[in-house]
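Since the structure comes first, as structure tokens, the remarks are kept for the end.
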Amino acid sequence: MGRTSTAKDRLIDAMIELIWAGSYGSTSADQICERAGVKKGSFYHFFESKTELALAAIDHGWTEHRKELDQIFSPVVPPVERILNCFRNFRQEQEELFEKHGRVLGCPIHSLGAEVSTVDERLRDKLQEILSQFIRYYESAIRDAQAQGSIVTHDAMALARIVFAYSEGLLLHARMWNDLGRLDEFESGAKIILGVKG
């Protein structure tokens, strides 16, 4: 990860890993501190609560992930290929996490969102904000593909939401069944939804 020089950074990294590999509700401040290798006093020096740490971790994780997405969705890459490359990146990431944790972890944003959406408005709103930004990557690629004539759609935003929901659904199923094979339909399914031939 390359961000282990300070206690604050270690707390953020620990929070990301613990809520992704487990759950937000079952992760305690003590567990976070133990994983980060810091004293509990340091936790409360940097963050007033677990929610504050979670918000910081979400922001950090999204900032890092956007660097990848900016490359994957680069305008120099053909539009449909951008989406397929994103799915390939999902698959590779899940394989690496499976090697490390022995389980399919799925999408941390959706896993956390499903857990806290009815009980923590601040976390829910932050997650919704990130998901909306993520969908815009798909929408931009779909609009470019539409302009090139490789996709026919009357509502690029709606199609982007459908493609995104499809990919997240597969990630959720892979996590629930602990089966990477559930991701085998990423590309073929996306092509069907997008109306891409071949």
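None of these values were measured; they are calculated from a predicted model.
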Taking atom CD of Gln133 as the centre, does the number of heavy atoms from other residues, nucleotides or ligands within less than 6.0 Å exceed 12? yes
How many angstroms lie between atom CD1 of Ile83 and atom CG of Leu194, to the nearest 0.5 angstrom? 5.0 Å
Measuring only between side-chain heavy atoms, which start at C-beta, is Lys39 closer than 4.5 Å to His45? no
Establish whether Leu172 and Val116 are linked, either directly or via other cluster members, by ILVMFWY side-chain heavy-atom contacts under 4.5 Å. no
To the nearest 0.5 Å, how far apart are OG in Ser28 and CG in Leu18? 8.5 Å
Testing His110, Gln94, Met176 one by one against Leu171 for a side-chain contact (heavy atoms from CB on, under 4.5 Å), which residue passes? Gln94
Same hydrophobic cluster for Val119 and Tyr24, using side-chain heavy-atom links shorter than 4.5 Å among ILVMFWY? yes
Indicate the atoms forming the closest heavy-atom contact of Leu105 with Ala21, along with that distance. CD2-CA, 3.9 Å
Under a plain distance cut-off of 3.5 Å, with no hydrogens placed, do Glu129 and Trp62 share a side-chain donor-acceptor pair? no
Do you know the tightest heavy-atom contact between Ala190 and Leu84? CB-CD2, 4.2 Å
How far apart are the closest heavy atoms of Gly37 and Arg10, and which atoms are they? O-NH2, 3.7 Å
Lys50 side chain vs Thr27 backbone, donor-acceptor pair below 3.5 Å: yes
Side-chain heavy atoms of Ile12 within contact of Phe47, under 4.5 Å: yes
List in chain and number order the residues that pass side chain to side chain contact (heavy atoms under 4.5 Å, CB included) with Asn178, two or more places apart in sequence or in another chain; answer none if no residue qualifies. Phe98, Arg103, Val104
With rounding to the nearest 0.5 angstrom, report the OH to CG distance, Tyr137 to Asp70. 3.5 Å
Return yes if some donor-acceptor pair links the side-chain N/O of Glu187 with the main-chain N/O of Phe87 below 3.5 Å, else return no. no
Rounded to the nearest 0.5 Å, what separation is found between the CD1 atom of Ile109 and the NZ atom of Lys126? 10.0 Å
Please determine whether a side-chain nitrogen of the Lys or Arg among Glu168 and Arg175 lies less than 4.0 Å from a carboxylate oxygen of the Asp or Glu. no
Close side-chain approach of Asp13 to His60, heavy-atom, < 4.5 Å: yes
Residue pair Phe186, Tyr166: steps toward the ring pair (Phe, Tyr, Trp, His ring centres under 6.0 Å) verdict: CA-CA 8 Å; Phe186 256 155; Tyr166 169 73; 7.1 Å; no
Charged N to carboxylate O below 4.0 Å: is that the case for Arg91 and Glu95? yes
Short side-chain to backbone donor-acceptor contact, Ser167 and Phe164, under 3.5 Å: yes
Are Phe73 and Asn85 packed together at the side-chain level, in the sense that at least one heavy-atom pair is separated by less than 4.5 angstrom? no
Verify the neighbour count for atom CD of Gln71: are there more than 12 heavy atoms of other residues, nucleotides or ligands below 6.0 Å? no
Evaluate the side-chain proximity of Val38 to Phe43: yes if any heavy-atom separation is below 4.5 Å, no if none is. no
Determine which pairs satisfy side-chain hydrogen bond (donor to acceptor under 3.5 Å, both in side chains) with at least one residue from residues 142-158, sequence neighbours left out, and list them in order. Arg82-Asp144, Glu139-Arg143
Treating Ile, Leu, Val, Met, Phe, Trp and Tyr as nodes and any side-chain heavy-atom pair under 4.5 angstrom as an edge, say whether Ile135 and Ile151 lie in one connected cluster. yes
In the single-linkage hydrophobic clustering (I, L, V, M, F, W, Y; side-chain heavy atoms under 4.5 Å), do Met157 and Leu159 co-cluster? yes
Residues in salt bridge (charged side-chain N to carboxylate O under 4.0 Å, His left out) with Asp30, at least two apart? Lys40
Within one Ile-Leu-Val-Met-Phe-Trp-Tyr cluster: Trp177 and Leu170, side-chain cutoff 4.5 Å: no
Heavy atoms, side chains only, cut-off 4.5 Å: are Glu185 and His173 in contact? no
Nearest heavy-atom approach of Cys107 to Trp20 is C-NE1, 4.2 Å
So which heavy atom on Leu123 is nearest to which on Ala54, and how close? CD2-CB, 3.8 Å
Spacing of Leu11 atom CG and Phe46 atom CZ [to the nearest 0.5 Å]: 7.0 Å
Shortest non-hydrogen pair, Cys86 vs Leu69, comes out as SG-CD2, 4.2 Å
